[in-house]
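Please read all numbers here as calculations on a predicted model, not as lab measurements.
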Amino acid sequence: LVQLGASWAPAICSGQVWRLFVPIFLHGNLGHVLTNVLFQMRLGFKVEESLGTWSFFSLYLLSGTFGNLISAALQPAKVAVGASTSAMGVLGATVVRLLCEEQGP
């Protein structure tokens, strides 16, 4: 997975910053892919519908990228792949939006 572009802090620190977003599109096994697909089908499509395609895409990509950056900083020896960082960003944005709507203007 490292050769394919997994997030790995030593490689990122050596200038391979593309490893911050490529892992979003890599997965360790079929179960990993299916879990991310189910999450996307359950929550992602609804969030995309409310935000619009480009806003959702930006949220998804930026959440994944910054999530991978934080993960690499906190666990530098860890090799990571998957869209969990993006999924958590979408979930977090959804919670914030719901809280803001609940409180009103």
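Grouping Ile, Leu, Val, Met, Phe, Trp and Tyr residues whose side-chain heavy atoms lie under 4.5 Å apart, directly or via other members, places F66 in a hydrophobic cluster with I12, L20, L62, L69. Here W18 sits in one hydrophobic cluster together with L1, L4, F21, V22, I24, F25, L26, F39, L43, V47, L51, W54, F56, F57, L59, Y60, L61, V81, M88, V90, L91; the rule is ILVMFWY side chains under 4.5 Å apart, joined directly or through other members. Summarising the hydrophobic clusters (Ile, Leu, Val, Met, Phe, Trp, Tyr; side-chain heavy atoms under 4.5 Å, direct or chained), the residues clustered with L74 are I70.
Using modelled atom types, no side-chain atom of T85 and backbone atom of G67 make a donor-acceptor pair closer than 3.5 Å.
Among residue pairs with one or both ends in residues 16-26, none qualify as salt bridge (charged side-chain N to carboxylate O under 4.0 Å, His left out); sequence neighbours excluded. Within the structure, salt bridge (charged side-chain N to carboxylate O under 4.0 Å, His left out) contacts touching residues 81-100 (residues at least two apart or in different chains) are R97-E101.
Closest of all the heavy-atom pairs between P76 and P10 is O-CD, 3.3 Å. When all heavy atoms of A72 and S7 are compared, the closest pair comes out as CB-OG, 4.2 Å. Residue P23 comes nearest to A80 through the heavy atom pair CB-O, 3.6 Å, listed as atom of the first residue, atom of the second, then distance.
The side chain to side chain donor-acceptor pair (under 3.5 Å) check on S58 picks up nothing, with sequence neighbours excluded. Scored by the side chain to side chain donor-acceptor pair (under 3.5 Å) test, Q40 finds no partners at all (sequence neighbours excluded). Taking the side chain to side chain donor-acceptor pair (under 3.5 Å) definition, one finds that S14 meets it with nothing, sequence neighbours left out. Checked against side chain to side chain contact (heavy atoms under 4.5 Å, CB included), K46 has no partners two or more places apart in sequence or in another chain.
Considering CD of Q16 and CH2 of W8, their distance stands at 9.0 Å, rounded to 0.5 Å. Note that CG of L38 is 10.5 Å distant from CZ of R42, once rounded to the nearest 0.5 Å.
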Residues 27-37 side chain polar contacts: donor-acceptor under 3.5 Å, at least two apart:
{"unit_1": "H27", "atom_1": "NE2", "unit_2": "N36", "atom_2": "ND2", "d": "3.3"}
{"unit_1": "N29", "atom_1": "OD1", "unit_2": "G31", "atom_2": "N", "d": "3.1"}
{"unit_1": "N29", "atom_1": "OD1", "unit_2": "H32", "atom_2": "N", "d": "2.8"}
{"unit_1": "H32", "atom_1": "ND1", "unit_2": "G28", "atom_2": "N", "d": "3.0"}
{"unit_1": "T35", "atom_1": "OG1", "unit_2": "G31", "atom_2": "O", "d": "2.8"}
{"unit_1": "N36", "atom_1": "ND2", "unit_2": "H32", "atom_2": "O", "d": "2.9"}

